[in-house]
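Worksheet: the structure to be examined is printed underneath.
Remember, predicted model here, so these are calculated numbers, not experimental data. Convention: sequence-line order gives letters A, B, ...; per-chain numbering from 1.
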Protein chains: 2
Amino acid sequence: MTETRERVLDAAERLFAERGYTATSLRSIVASAGVNLAAIHYHFHSKEALLEAVVIRRAGPANRERLLLLEKCKMAARSKTPTLEKLLEAFLTPTFRAVQDSGEAVQFMRLVARIHAEGYLLPAIAKAHFGEVMASYTEAFLKALPHLTADEFRWRAHLATGAVAQALRPPEWLDGEAQAYKPIATEAVLQRLIGFLSAGFRVPMKNTKSRGAKCSVAS
Amino acid sequence: MTETRERVLDAAERLFAERGYTATSLRSIVASAGVNLAAIHYHFHSKEALLEAVVIRRAGPANRERLLLLEKCKMAARSKTPTLEKLLEAFLTPTFRAVQDSGEAVQFMRLVARIHAEGYLLPAIAKAHFGEVMASYTEAFLKALPHLTADEFRWRAHLATGAVAQALRPPEWLDGEAQAYKPIATEAVLQRLIGFLSAGFRVPMKNTKSRGAKCSVAS
DNA sequence: GTCTATAACTTGATAGAC
DNA sequence: GTCTATCAAGTTATAGAC
């Protein structure tokens with residue numbers, strides 16, 4: 001049965017999301033999926049390939065939708081460039097909306113947020129499957145942010161990435177139960193995130209000096 | 001020799017920062033520190049206690065300085081409440097400045113950013129050692145942000161935490177060498193971060209509705 | 001395609017000599 | 001305080017029967 005494959009993918013997605021990649025053993029996955037250990041090596045070659053399969057299953061469709069939404073934004077804005085808020089929403093919606101549409105995909109966002117910090121894993125996977133999307137959106141963002149140099153935009157996008165990842169994480173002030181089972185990335189969180197980020201991107205440049213917020217000790 | 005203790009702490013700090021907690025074995029730590037495996041269990045009880053010791057060594061002084069800087073801010077602002085930027089700088093400076101002052105502490109910030117996402121580890125440690133600082137600063141932040149409810153502030157602080165953690169991570173567009181050895185949290189990054197976050201905190205409430213950035217497909 | 005069995009190795013932790 | 005030696009458990013991965 002190729003249904004076994006799906007069961008493994010589902011279990012792996014959930015466990016990777018909850019515990020991270022290195023902390024999740026293949027044995028815990030097969031136990032959760034109710035399949036055999038050898039099956040995981042039959043369908044996927046290795047643990048790392050399994051992670052890649054998990055990511056691709058969700059990221060593939062999501063990225064296709066991102067490109068579609070970007071085109072829609074450009075159309076809607078006619079000759080003008082789309083607003084920053086619209087671009088952010090188009091980029092983030094496929095991730096956030098998955099929660100409400102299909103209960104299955106809930107865990108995936110947490111996986112991304114979780115694996116995001118595990119560094120050495122995603123670079124290989126990300127560059128292979130997110131390249132086109134990132135290039136298209138970067139171009140659009142730069143047009144919507146004419147006051148930023150490409151370098152400054154890269155830095156702010158870097159900061160924004162962290163905020164997005166954090167938005168996909170269950171807030172620590174929710175108790176364990178809620179953290180584990182409730183979908184946290186709702187429409188409200190998405191809108192909050194868009195407002196937060198767009199304000200950050202819109203800040204004028206040259207806060208290198210003169211931002212008179214010195215408060216330091218003598219030392 | 002109690003110098004062994006320090007060697008272990010230094011090595012653990014560096015390796016935890018680079019690879020994360022679960023991915024770092026005690027054996028790799030003793031190899032890097034040039035000490036014996038048993039020594040690590042003699043000086044610290046367990047791997048988890050070692051992590052806690054690593055965190056406390058840096059976070060203790062940093063948190064004391066945070067409280068000091070907060071008082072200085074309040075003094076400088078006289079009857080009025082300190083500005084958001086000054087509060088952010090007071091809170092973030094002890095972390096960021098450590099890079100420039102002592103080369104030793106460079107790794108620690110990355111450790112925090114790295115462990116930050118490993119979830120179940122920091123809650124126990126953080127609540128034990130950051131409680132007072134968080135309470136004092138939350139109070140000050142809420143006064144500086146009268147347009148936000150406590151709940152809304154908590155959400156935005158959640159997002160901001162992610163951005164801070166990301167600022168402490170080496171940007172992926174720097175090549176491997178630079179990622180590994182160059183201090184990335186410079187004064188410039190700190191100022192960028194302060195500008196980015198303060199703008200996000202200042203956004204008016206009620207972007208729950210009416211933020212007319214709909215760009216969704218029919219679906 | 002799925003299973004059992006097992007190889008080959010790494011992990012955190014400890015006992016006990018010195 | 002520091003060492004060697006070792007334990008018990010857990011890890012990924014594979015070979016081979018069915």
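Nucleic acid contact for B:Thr24: sugar-phosphate only, since backbone atoms but no base atoms lie under 4.0 Å from a heavy atom of the residue.
Put simply, CD1 on A:Ile40 is 17 Å from C1' on C:dT4, counting in whole angstrom units. Regarding A:Lys47, its NZ atom lies at a distance of 9 Å from the P atom of D:dT11, rounded to whole Å. Atom-to-atom, CZ of A:Arg5 to C1' of C:dT2 comes out at 16 Å; the value is rounded to the nearest Å. Rounded to whole angstrom, the span from the CG atom of A:Leu50 across to the C1' atom of D:dA13 amounts to 14 Å. Distance CZ (B:Phe44) to P (D:dT2): 11 Å, rounded to an integer number of Å. Note: CZ (B:Arg19) to C1' (C:dT10) measures 14 Å, nearest angstrom. The CG atom of B:Leu37 sits 14 Å away from the P atom of C:dA15 (whole-angstrom rounding). Atom OH in B:Tyr42 sits roughly 16 Å away from atom C1' in C:dA17 (whole-Å rounding).
Under the side-chain contact (heavy atoms from CB on, under 4.5 Å) criterion, B:Ser25 pairs with B:Arg27, B:Ser28, not counting sequence neighbours. The salt bridge (charged side-chain N to carboxylate O under 4.0 Å, His left out) test applied to A:Arg154 returns A:Asp151, not counting sequence neighbours.
Between C:dT2 and A:Thr4, a contact under 4.0 Å exists linking OP1 or OP2 to a side-chain N or O. Listed pair A:His41 / D:dT14 fails the phosphate criterion, with no side-chain N or O lying under 4.0 Å from OP1 or OP2. Within the 4.0 Å cut-off from OP1 or OP2 of D:dT2, at least one side-chain nitrogen or oxygen of B:His43 is found.
Side-chain atoms of B:Ser25 lie closest to C:dG12 of the nucleotides C:dG12, D:dC3, D:dA13. If you check C:dA13, D:dC3, C:dT4 against the side chain of A:Ala38, the one that comes closest is C:dT4. Nearest nucleotide to the B:Asn36 side chain, out of C:dC3, D:dA13, D:dT4: D:dT4. Of all nucleotides listed (C:dT11, D:dA13, D:dT2), C:dT11 comes nearest to the side chain of B:Arg27.
Judged by the 6.0 Å and 45° rule, B:Arg66 forms a cation-pi pair with B:Phe91.
Looking at B:Arg192 and A:Glu152, a side-chain N of the basic residue comes within less than 4.0 Å of a carboxylate O on the acidic one, giving a salt bridge.
For the salt bridge (charged side-chain N to carboxylate O under 4.0 Å, His left out) with B:Arg58, the qualifying choice from B:Glu65, B:Glu13, B:Glu52 is B:Glu13, the only one to do so.
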